[in-house]
2 protein chains.
Amino acid sequence: MTQTHNQPCAIAQALNIFGDNWTWLIIREAFYGVSRFSEFQRNIGIAKNLLSNRLSTLVEQGIFEKKNVGENGTRYSYHLTPKGAALRTPLFAILLWGNEYISGDGNEAVLLTERNTGRQLTTMSLVSESGEPIEPNDVRAIAGPGANQEILDKFENARNLKKQK
Amino acid sequence: MTQTHNQPCAIAQALNIFGDNWTWLIIREAFYGVSRFSEFQRNIGIAKNLLSNRLSTLVEQGIFEKKNVGENGTRYSYHLTPKGAALRTPLFAILLWGNEYISGDGNEAVLLTERNTGRQLTTMSLVSESGEPIEPNDVRAIAGPGANQEILDKFENARNLKKQK
DNA sequence: CGGTATCCCATTTGATACTG
DNA sequence: CAGTATCAAATGGGATACCG
């Protein structure tokens, strides 16, 4: 698509930013410590003009911060803002899913581990206010304060579908 | 891009499937209980040929299961497989990020709640083997058994970058 | 209903060249 | 180094028509 939708659902909104694969890969590289234009380019294998576009958008969106680090103004670094760093959660979620369902056990190219124990981490979960992990079945999606009629209808419809069962 | 990369990293692999926004939206709809071709089409506003393509790919990938539910073979339903249902984690992660950093507090179109208490869920976390949520700073990404030289280099490089600080 | 086939247009892409 | 400019080629997009 590439074309923007205007659904109020945050998923659709977020996808307007991250619909492009390059963008995810750029952010992944940032988590690995990459901050320079040429490094992104080399590691990802992206064309310069595309990288330039994507980085500009990400800076506009407040996900990266561009700093001048050159002695004479010819070098820049791109670092994740808090907003950008918060993308670690979706990114890790995708990684764990891919490890389990694409790579498969024993073939993972990248693993997540607990720093202290070195143990592998394979599970990600919603956490309650009291700090307890919540089972997927105990989670409900509901319409929020920013919902429009379309979303209200959708949840109404979802309720009806469940009743029919 | 659309073009497939062949990096072994599970993120890149997963993006080969989900690089397309339509795909995420289709899966989102599936979580809302949608299972029919025409419903997907109407709710997402996607062209028929595109929907057909995307669904075919998703069935091939083992994310949806296509069942014949028609009396005379003219009706089908698409349901998430366990592999597909596991995408709830990345999807929720994206939703929470979008709620916090795009919609903002009080403007969320869709919220996640705990079924029993009705309390809003805003946090997602990696969970240790012993069932404890892990802080982001306590997580390390390391090269796994399926890593190639490129990935090993990347982590080597990341270590060097940290030492410099 | 659940698609497939076809067409045409807008966009995206990557390569190359160029610049401060 | 960190881009911008340009451009031909490929791709993705939606609309329409058609089918079992």
Side-chain angles (χ1 to χ4, degrees), chain A residues 1-7 12 15-26 29-30 33-60 63-79 157 161 164, chain B residues 1-7 12 15-26 29-30 33-60 63-79 157 161 164:
Chain A
M1 106 181 79
T2 297
Q3 192 50 28
T4 283
H5 1 214
N6 41 14
Q7 300 179 19
L15 291 179
N16 284 333
I17 304 178
F18 302 104
D20 186 58
N21 282 6
W22 292 124
T23 300
W24 281 110
L25 294 179
I26 290 168
E29 291 301 312
V34 168
S35 65
R36 298 283 293 282
F37 189 93
S38 56
E39 280 183 288
F40 284 114
Q41 198 196 345
R42 199 174 39 246
N43 290 6
I44 307 178
I46 183 176
K48 291 168 91 175
N49 50 352
L50 296 191
L51 178 57
S52 181
N53 290 344
R54 299 299 185 275
L55 283 174
S56 297
T57 303
L58 288 168
V59 169
E60 277 174 31
I63 288 166
F64 276 103
E65 187 185 10
K66 181 177 183 175
K67 285 183 187 168
N68 193 327
V69 296
E71 310 77 26
N72 37 16
T74 61
R75 296 188 190 196
Y76 304 92
S77 76
Y78 294 88
H79 284 284
N157 195 257
L161 286 172
Q164 288 174 20
Chain B
M1 111 177 76
T2 298
Q3 192 50 28
T4 283
H5 1 215
N6 41 14
Q7 299 180 19
L15 291 179
N16 284 333
I17 304 178
F18 302 105
D20 186 58
N21 282 5
W22 292 123
T23 300
W24 281 110
L25 294 179
I26 290 168
E29 291 301 312
V34 168
S35 65
R36 297 284 294 281
F37 189 92
S38 56
E39 279 183 289
F40 284 113
Q41 199 196 344
R42 198 174 39 244
N43 289 6
I44 307 179
I46 183 176
K48 291 168 89 175
N49 50 351
L50 297 190
L51 178 57
S52 181
N53 291 344
R54 300 300 186 276
L55 282 174
S56 298
T57 302
L58 289 168
V59 169
E60 277 173 31
I63 288 166
F64 277 103
E65 187 186 11
K66 180 176 183 176
K67 284 184 187 167
N68 192 328
V69 296
E71 311 76 26
N72 39 14
T74 60
R75 296 187 190 197
Y76 303 92
S77 78
Y78 294 88
H79 284 285
N157 195 256
L161 286 172
Q164 288 174 21

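So that the names make sense, note that chain A is the first sequence line, chain B the second, and so on, each numbered from 1.
Following rounding to the nearest Å, A/Phe64 (CZ) and D/dG3 (P) show an atom-to-atom distance of 12 Å. Rounded to an integer number of Å, the gap from A/Phe37 CZ to C/dT19 P is 18 Å. Atom CG in A/Asn53 sits roughly 8 Å away from atom P in D/dT4 (whole-Å rounding). In this structure, NZ of A/Lys67 is placed 18 Å from C1' of D/dA2, rounded to the nearest angstrom. When the P atom of D/dG13 is taken as reference, atom CG of B/Leu25 falls 12 Å away, rounded to whole Å. What separates CG of B/Asn21 from C1' of D/dG13 is a distance of 14 Å, to the nearest Å. Look at CD on A/Glu39: it is 13 Å from C1' on D/dA2, rounded to the nearest Å. Atom pair B/Tyr76:OH and C/dG3:C1' shows a separation of 9 Å (rounding to whole Å applied).
In this structure the side chain of B/Leu51 never reaches within 4.5 angstrom of the side chain of B/Trp22, judged on heavy atoms. You'll find the side chain of A/Arg75 stays beyond 4.5 Å of the side chain of A/Asn68, heavy atoms only. Side-chain contact between B/Ile63 and B/Ile17 is present, with heavy atoms from C-beta onward closer than 4.5 Å. Within the 4.5 Å cutoff, the side chain of A/Val59 has no heavy atoms near those of the A/Glu65 side chain.
Among the atoms of the strands shown, only primed sugar atoms or phosphate atoms (P, OP1, OP2) are found under 4.0 Å from some heavy atom of A/Leu50. Within 4.0 Å (heavy atoms only), A/Phe40 reaches no atom of the nucleic acid at all.
The side chain of A/Ser38 places an N or O atom within less than 4.0 Å of a non-bridging phosphate oxygen (OP1 or OP2) of D/dA2. In terms of phosphate contacts, B/Arg54 brings a side-chain nitrogen or oxygen within less than 4.0 Å of OP1 or OP2 of D/dG13. Contact annotation: A/Lys66 reaches the phosphate of D/dG3 (side-chain N/O to OP1 or OP2, under 4.0 Å). Residue B/Arg75 places no side-chain N or O under 4.0 Å from the OP1 or OP2 atom of D/dG20. Residue A/Tyr78 places at least one side-chain N or O closer than 4.0 Å to OP1 or OP2 of D/dG3. For A/Arg36 and D/dC1, the shortest distance from a side-chain N or O to OP1 or OP2 is not below 4.0 Å.
Residue whose closest nucleotide on DNA chain C sits further toward the 5' end, between B/Ser52 and A/Ile46: B/Ser52.
Picking from D/dT4, C/dG2, D/dG13 the nucleotide with the shortest atom distance to the side chain of A/Lys48 gives D/dT4.
Between the side chain of A/Asn49 and the base of D/dG3, no donor-acceptor pair of N or O atoms lies under 3.5 Å.
Stacking of A/Lys66 on the aromatic ring of A/Tyr78 is not recorded, the 6.0 Å distance cut-off and the 45° axial limit not both being met.
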